[in-house]
Amino acid sequence: MGDRWHVEVDRSVCIGSAQCVHRAPAGFRLDTARQSHPVEPDIDAAEGVLAAAENCPVEAIMITLLDSGEAVFPPEE
Ligand code: SF4
């Protein structure tokens, strides 16, 4: 893909289900409050991270293109 992504987790929404950690162990980590956060906020585009965002039960994970800020997930309507 070649894109660079910016990844955020909305901690007011995350319910700590850890699915993102299982799908993308290099991408996400749970803190002691069982809230997910990206291991690195700015990453090379990665299928596992996108799959984690798509499968988060509460859509707490947002991915944007690092250079333009354009939405990767959730996609803009
Ligand atoms: S999958 Fe979503 S709700 Fe579950 S820990 Fe990850 S960000 Fe939080």
Side-chain angles (χ1 to χ4, degrees):
M1 286 192 262
D3 290 330
R4 291 279 293 167
W5 286 352
H6 178 71
V7 182
E8 288 182 35
V9 175
D10 184 342
R11 296 191 199 192
S12 70
V13 176
C14 172
I15 56 171
S17 66
Q19 275 138 291
C20 55
V21 178
H22 291 299
R23 275 188 196 270
F28 298 94
R29 178 182 300 153
L30 290 191
D31 63 19
T32 52
R34 287 194 64 83
Q35 294 274 284
S36 173
H37 57 96
V39 172
E40 292 284 344
D42 300 336
I43 60 167
D44 290 333
E47 295 282 345
V49 171
L50 179 59
E54 289 172 340
N55 288 281
C56 171
V58 293
E59 289 198 5
I61 301 169
M62 292 147 293
I63 305 170
T64 52
L65 291 180
L66 189 57
D67 55 359
S68 66
E70 189 182 324
V72 175
F73 190 89
E76 274 170 29
E77 301 283 309

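This structure is a prediction, so every number in the text was calculated from the model and none was measured. Both backbone and side-chain heavy atoms feed into the values below; hydrogens, waters and symmetry mates do not. Quick note: residue numbers are just sequence positions, from 1. Ligands are counted one by one from 1 in listed order, and the atoms in each one are counted from 1 as well.
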May I ask you to check whether Glu8 and His6 show a side-chain donor-acceptor distance below 3.5 Å?
->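 Side chains of Glu8 and His6: pair found under 3.5 Å.
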In terms of atom number and element, which parts of ligand 1 are under 4.0 angstrom from non-hydrogen atoms of [X]?
{"X": "Ile61", "answer": "7 (S)"}
{"X": "Cys14", "answer": "3 (S), 5 (S), 7 (S), 8 (Fe)"}
{"X": "Cys20", "answer": "1 (S), 5 (S), 6 (Fe), 7 (S)"}
{"X": "Val58", "answer": "3 (S)"}

Counting heavy atoms only, which part of [X] comes closer than 4.0 Å to ligand 1: side chain, backbone, both or neither?
{"X": "Val21", "value": "neither"}
{"X": "Ile15", "value": "both"}
{"X": "Ser17", "value": "both"}
{"X": "Ala18", "value": "backbone"}

Neighbour count above 12 (heavy atom, 6.0 Å) for Glu40 CD |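 No, because the 6.0 Å sphere around CD of Glu40 holds 12 heavy atoms or fewer from other groups.
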If hydrophobic clusters are built from ILVMFWY residues whose side chains come within less than 4.5 Å, do [X] and [Y] share one?
{"X": "Met62", "Y": "Leu50", "result": "no"}
{"X": "Leu65", "Y": "Ile61", "result": "yes"}
{"X": "Phe73", "Y": "Phe28", "result": "yes"}
{"X": "Val49", "Y": "Val21", "result": "yes"}

Which value, rounded to the nearest 0.5 Å, describes the distance between Asp42 atom CG and Thr64 atom OG1?
->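 Going from the CG atom of Asp42 to the OG1 atom of Thr64 covers 8.5 Å.
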Report yes or no: does Cys56 have an N/O/S atom closer than 2.8 Å to atom 8 (Fe) of ligand 1?
->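 Cys56 does not place any N, O or S atom closer than 2.8 Å to atom 8 (Fe) of ligand 1.
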